[in-house]
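Here's the structure, in structure tokens; my notes come after.
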Amino acid sequence: MKITSARVIVTSPGRNFVTLKIETDQGLYGLGDATLNGRELSVASYLTDHVIPTLIGRDAQRIEDIWQYLYKGAYWRRGPVTMSAVSAVDTALWDIKAKQAGLPLYQLLGGACRDGVMVYGHANGETIDETLAEAQGYLDRGYLAIRLQTGVPGLKSTYGVSGDKMFYEPADGANPTEHVWATAPYQRSAPDLFAAARQNLGWDVHLLHDAHHRLTPIEAARLGKDLEPYRLFWLEDATPAENPEAFRLIRRHTTTPLAVGEVFNSIHDARTLIQEQLIDYIRSTVVHAGGITGLRRIASLADLYGVKTGCHGATDLSPICMGAALHFDLSVPNFGVQEYMRHSEATDAVFPHAYRFDAGRLHPGEAPGHGVDIDEDLAAQYPYERRSLPVNRLEDGTIHDW
Ligand code: GCO
Ligand code: MG
């Protein structure tokens with residue numbers, strides 16, 4: 001089966017998405033997500049200018065070979081732009097292979113290991129009360145796991161707390177908006193949120209929290225310790241993971257489970273953290289970590305060390321990534337949880353999909369392939385808009401992790 005054409009579709013139904021469409025001489029096509037929030041056009045160019053010309057005429061069935069060709073063949077390995085492009089090709093090829101077989105993708109990955117994929121929703125608010133009211137709404141809708149984020153006393157804005165509760169969008173300006181961050185009040189207030197949450201929501205729901213790379217290792221260790229009484233499902237991105245050894249220090253001090261890896265794009269980013277059992281959940285996902293092929297390798301390594309998956313699923317990843325991730329989640333033995341921030345209606349209309357939510361779990365559906373399509377006419381009505389992720393500064397002006 002030969003690849004006859006491939007092209008990039010950029011659309012912005014409320015936020016930017018980059019999609020790769022690969023067509024074959026047998027009339028089958030496949031779709032892959034290539035979205036890298038705030039850096040969308042670099043991946044679009046990487047695909048259009050460097051990858052697509054080398055794909056035409058290739059056998060669409062040789063997924064692993066094409067993965068190796070793009071990974072090793074670039075010479076410049078890894079990195080989010082390169083790997084998002086590789087991911088898009090890989091996802092589209094798996095989509096084609098499953099359509100050719102007439103099967104939902106999870107069947108090609110070994111079949112279902114579970115009946116549905118537990119997801120976590122996002123409850124946030126300026127105050128603890130507001131956050132808990134949001135969380136109660138998730139419980140009422142049947143969610144089994146909820147991430148809680150709340151405003152920090154004295155700070156005007158905080159990562160994870162948004163005006164629009166349904167559809168969180170951090171990339172809010174053409175150039176980065178600037179926020180002020182202070183760790184001390186956050187450190188003091190975060191445990192209060194979880195104390196109140198356990199009192200109000202009870203102990204049956206899984207609670208999660210994202211520190212979004214803003215703490216030093218020793219600050220993270222203290223937060224993990226302070227949160228221990230509330231038995232979190234995980235504390236996410238406690239400290240930046242470029243230096244995996246930093247997690248040794250956190251681990252020495254706390255039994256709060258740790259999740260890391262939404263910004264990882266390769267198994268090598270995750271290797272030390274997994275092999276030294278410094279984390280409990282690996283957050284890498286289809287679109288940034290080399291597609292289904294790259295993610296399966298990471299998950300297999302993680303399984304050897306008792307580390308479970310917890311794929312990134314923010315709304316800046318398109319429904320195509322979500323669909324593909326759900327097939328992966330359903331079939332991987334060491335599944336932990338899947339992040340699920342609902343997409344807006346406009347986005348869902350551009351990307352019709354087979355996945356569905358039921359009683360706290362998502363199921364990818366039985367459509368052949370990954371089950372997510374694109375309405376190109378509708379997509380064309382939403383042209384690209386330049387948007388950047390914000391930056392943080394400390395109160396004295398020093399740039400800090402956002
Ligand atoms: C998460 C993430 C996101 C990121 C976003 C950046 O846990 O879902 O931290 O909220 O900030 O994906 O584009
Ligand atoms: Mg996160």
Side-chain angles (χ1 to χ4, degrees), residues 12 14-18 33-43 80-81 83-84 87 119-124 138 143 145-150 157-173 176-177 179 181 186 190 206-215 220 223 232-242 257-265 269-270 273 279-289 309-319 321-322 325 336-344 347 385-392 400-402:
S12 189
R15 67 186 317 144
N16 295 314
F17 296 109
V18 180
D33 184 21
T35 308
L36 186 61
N37 203 8
R39 295 291 184 268
E40 295 87 0
L41 296 186
S42 3
V43 188
V81 174
M83 294 309 288
S84 298
S87 301
V119 296
Y120 68 89
H122 284 220
N124 66 80
Y138 280 96
Y143 278 76
I146 311 171
R147 187 186 95 160
L148 304 180
Q149 309 287 138
T150 202
S157 55
T158 314
Y159 160 80
V161 180
S162 64
D164 186 340
K165 297 277 176 281
M166 291 286 280
F167 312 113
Y168 180 58
E169 169 51 85
D172 56 359
T177 55
H179 299 235
W181 174 251
Y186 166 68
H206 295 301
L207 298 180
L208 298 80
H209 183 66
D210 190 348
H212 221 247
H213 308 113
R214 284 168 310 207
L215 303 176
L223 181 63
L232 265 61
F233 186 91
W234 80 34
L235 171 62
E236 177 180 336
D237 290 336
T239 199
E242 285 106 321
L258 302 173
V260 167
E262 66 181 38
V263 300
F264 290 178
N265 50 71
D269 296 331
L273 290 169
I279 56 171
D280 303 281
Y281 296 92
I282 179 72
R283 296 260 303 133
S284 308
T285 193
V286 174
V287 56
H288 300 140
T309 65
C311 290
H312 189 200
T315 35
D316 49 88
L317 316 181
S318 92
C321 173
M322 178 56 75
V337 73
Q338 167 69 51
E339 180 178 15
Y340 178 45
M341 287 167 95
R342 289 151 303 183
H343 285 107
S344 68
T347 299
E385 289 172 33
R386 194 159 72 90
R387 287 257 195 285
S388 303
L389 288 169
V391 297
N392 262 343
H400 191 71
D401 299 87
W402 167 68

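Atoms within each ligand, like the ligands themselves, are counted from 1 in listed order. Atom set for the values below is all heavy atoms of this structure, side chains included, hydrogens, waters and symmetry mates excluded.
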Leu36 vs Ser42, side-chain contact (heavy atoms from CB on, under 4.5 Å): CA-CA, chis, key distance, verdict: CA-CA 9 Å; Leu36 186 61; Ser42 3; 5.5 Å; no
Check against side-chain contact (heavy atoms from CB on, under 4.5 Å), Tyr281 and Leu208: CA-CA 12 Å; Tyr281 296 92; Leu208 298 80; over 6 Å; no
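Close N/O approach between Glu262 and ligand 1 is found [any backbone or side-chain N/O within under 3.5 Å]. The shortest N/O to N/O separation between His312 and ligand 1 falls below 3.5 Å. An N or O contact shorter than 3.5 Å is missing between Trp402 and ligand 1 by distance.
Applying side-chain contact (heavy atoms from CB on, under 4.5 Å) to Asn37 and the options Thr315, Asp316, Asn16 leaves one that passes, Asp316.
Near Asn37, the atoms of ligand 1 lying under 4.0 angstrom from a non-hydrogen atom of the residue are 13 (O). Listed by number with element, the atoms of ligand 1 under 4.0 Å from a non-hydrogen atom of Glu339 are 1 (C), 7 (O), 8 (O). Ligand-side atoms of ligand 1 in range of His212: 4 (C), 9 (O), 11 (O), range being under 4.0 angstrom from any heavy atom. For ligand 1 and Tyr159, the ligand atoms under 4.0 Å from any heavy atom of the residue are 1 (C), 2 (C), 3 (C), 7 (O), 9 (O), 10 (O), 11 (O).
Formation of a donor-acceptor pair under 3.5 Å by the Glu339 side chain with backbone atoms of Gly313 is found in this model. Between the side chain of His343 and the backbone N or O of Leu317 there is at least one donor-acceptor pair closer than 3.5 Å.
Between His212 and Tyr159, the ring-plane angle classifies as parallel under the 30° and 60° cut-offs. Using cut-offs of 30° and 60° for the angle between ring planes, the His400 and Trp181 rings count as parallel. Between Tyr186 and His209, the angle of the ring planes stays under 30°, which puts this pair in the parallel group of the 30/60° scheme.
Using a 4.0 Å cut-off between charged nitrogen and carboxylate oxygen, Glu40 and Arg387 do not count as a salt-bridge pair.
Ordered by chain and number, Asp210 OD2, Glu236 OE2, Glu262 OE1 make up the set of protein N, O or S atoms under 2.8 Å of the Mg ion (ligand 2).
Checking Leu208, Asp316, Leu389 against atom 12 (O) of ligand 1, the nearest heavy atom belongs to Asp316.
Thr150 approaches Thr158 most closely through the heavy-atom pair O-CG2, 4.2 Å.
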